[in-house]
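Report on one structure; see the data block that follows.
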Amino acid sequence: MTGGEGEPDDLLRALEAALFASTEPLTVAQLRQLLGEAPDIPAGLRALSGHYAGRGVNLVERGGRWHFQTAADMAHLLRRDREEPRKLSRAGMETLAIIAYHEPVSRAEIEAIRGVQVAKGTLDVLMEAGWIRPAGRKEVPGRPLLYATTAEFLTHFGLSSRRDLPGLEDLRAAGLLDPVDLAMEGMLERTVTESSLENDEGDD
Amino acid sequence: MTGGEGEPDDLLRALEAALFASTEPLTVAQLRQLLGEAPDIPAGLRALSGHYAGRGVNLVERGGRWHFQTAADMAHLLRRDREEPRKLSRAGMETLAIIAYHEPVSRAEIEAIRGVQVAKGTLDVLMEAGWIRPAGRKEVPGRPLLYATTAEFLTHFGLSSRRDLPGLEDLRAAGLLDPVDLAMEGMLERTVTESSLENDEGDD
Amino acid sequence: MSAADDMADLFESRRAPDEVLTVSFESWEGPLDLLLNLARSQKVDLREISILALVEQYLEFIAGARAMKLELAADYLVMAAWLAYLKSAMLLPKAEQEEPSPEELALRLHLRLQRLAAMRDAGARLMARDRLGRDVFPRGAPEGLRVDKVSIWQASLYDLIAAYGQVKARTRPVTHVVARRPVMTLDEAIARVGRLIGTRLDWTRLESFLPEGVSGPLGRSALASSFVAVLELAKQGRVDIRQEGIFEPIFLRNAAPSGHEIAS
């Protein structure tokens, strides 16, 4: 990344070639398998991603997997048909968000947040898109299945990791990722009286 | 190729992105259609191809159409054999041993010696491992195929010739001719009588 | 004041049916969804919405929807009943309030709406990101990496010769194996029983004629041979045999004349 351009070394050339050629994002382990015991693949990836930073194609890391993609500001040139690859329903969108911000999470927990049953098709669609996966069972009576997001989810939405989820820290800090019961306990301790709930009686 | 690196201009970036994302090689006319009335696409392509000349990915022109391809000297990375160690099955082991001791030998003869049928897959595996080879046909009715071991077989098992294989006498001396079943029987008998003796003592 | 009156009141209230109310009933994903949209229409921070106003709007909507002869989903009516209860509780003087307090119920609803709103916003922000295949693109025609699996077969020389040994052992005649077993031959047994019977004057168990301390295969061989030997000796008239019943112990004694017995 020091800008010593001109002649990339063999490691960079090999990384470049492998990542360009691959149909899937590649992990460091996969790259090591391809390139053999190359000196320092993580450093090479950083250097390469630095080199491509300002270009029309960028090298990015998503959930530990690396791939090349076109720069975001080139979207207008490349978006030939304006249709979204997967037009999610609102239910699908909310369900995906709930899973991403709460994972691992059970269907019942999703329903508690949405206040409505999760239609059978919703989870199927998200699963089919490759964005969510079953992630074990919760050790409570009934042992409900848990859901979590996948590496493809991070890849598709351009997130380096779950920590990059928009507003995750704020939501967590505001307690908005805690279940209502938990939040209630905290609130009640602080007493409800000063809340804005009853001061509008005079409004009408 | 003046190497004005660092910040590629918008034309170069757009060309880069368009060529990268395209599913097929693009002509200058097609690029112009995508990029609009960009100043000088041919010059941009030349500059870009200069930039990529020494890298792991090259921009090349074939019959007026441009595309990215991985550098020729990186081709070996793109196809890789992953070696998986596997243990030969017992049937495979026995068949190989019979061929080694009796070569050249037909499948029917192997079966006669083993006292069990030899699946075709077994011979295939040995062939794939490079340990046996077809060795002509036996001049009997049906002209069955004969099998023999290979030089690789000797190398793998650390033998300088087939005569290094231990003879039947050696095997007997080493206890390798003791049928497994009988040895087992002996052991069982001993334990059974021992326990019955104990019972008798208790009866008295 | 009954809930029905309440709803009628609200429906006739000055609140003009805004566009929210003209949208068909199916546009809402359940009561909470509807409530959230009503709350948002208050155009204030969700933290400062008036639950009471919200309840009124909801009941108003339900009444309006019913007037439009739309089929109401049970979920919405349950929520309406609950909200009507909440509203009446909130209007009661504090002293007459029951547990849980209406503040608590209102707070709970408030928290639920906040959470749903947070997730709805998060979903929208997710969808608005630069998405692969929509805003950013992977390589259009990647060459692909091909990984060919090659089996490396493993076997040692020991495995090889052991396998051969087993083939040979399995297919070899097994007669020699029997010869290895320790046995007591019939001749030996006749000689032994014949010698010992002279000293036993009373009925004696067959087993006591076996050599001392034999066991295992040899023991069984000795027993079998001795039994045959006893039969042979009986045939020669040298022993008497007695058995009380099937599988009972076998007893034998010297078949010599009784006088001899007394004499000794």
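Naming: A, B, ... by sequence-line order, numbering from 1 per chain. Atom set for the values below is all heavy atoms of this structure, side chains included, hydrogens, waters and symmetry mates excluded.
Using a 4.5 Å cut-off between heavy atoms, B:His67 makes no contact with chain C at all. If you measure heavy-atom distances from B:Leu126 to chain C, you find no contacts under 4.5 Å at all. In this structure, the portion of B:Leu165 lying under 4.5 Å from any heavy atom of chain C is its side chain and not its backbone. Only the side chain of B:Val116 comes within less than 4.5 Å of a heavy atom of chain C; its backbone N, CA, C and O stay farther away.
Comparing B:Pro166, B:Pro85, B:Pro25 by how many heavy-atom pairs each has under 4.5 Å with chain C, the most go to B:Pro85. Most heavy-atom pairs under 4.5 Å with chain B, from the set C:Ala155, C:Pro138, C:Ala162: that is C:Ala155.
Among residues two or more places apart in sequence or in another chain, the side chain to side chain contact (heavy atoms under 4.5 Å, CB included) test is passed with C:Asp135 by A:Ala75, A:Arg79, C:Asp130, C:Arg131.
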Practice item. Please report the C-alpha distance between B:Arg107 and B:Leu145 in whole Å, then the side-chain angles of each, then the deciding distance to 0.1 Å, and finally whether the side chain to side chain contact (heavy atoms under 4.5 Å, CB included) criterion is met. Key: CA-CA 7 Å; B:Arg107 183 163 158 180; B:Leu145 203 57; over 6 Å; no
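Residues C:Phe209 and C:Ile197 meet the side-chain proximity criterion, which asks for heavy atoms closer than 4.5 Å.
Atom-to-atom distance recorded for C:Ser225:OG and C:Arg220:CZ is 12.5 Å, nearest 0.5 angstrom. The line from CZ of B:Arg114 to OH of C:Tyr164 is 13.0 Å long, rounded to the nearest 0.5 Å.
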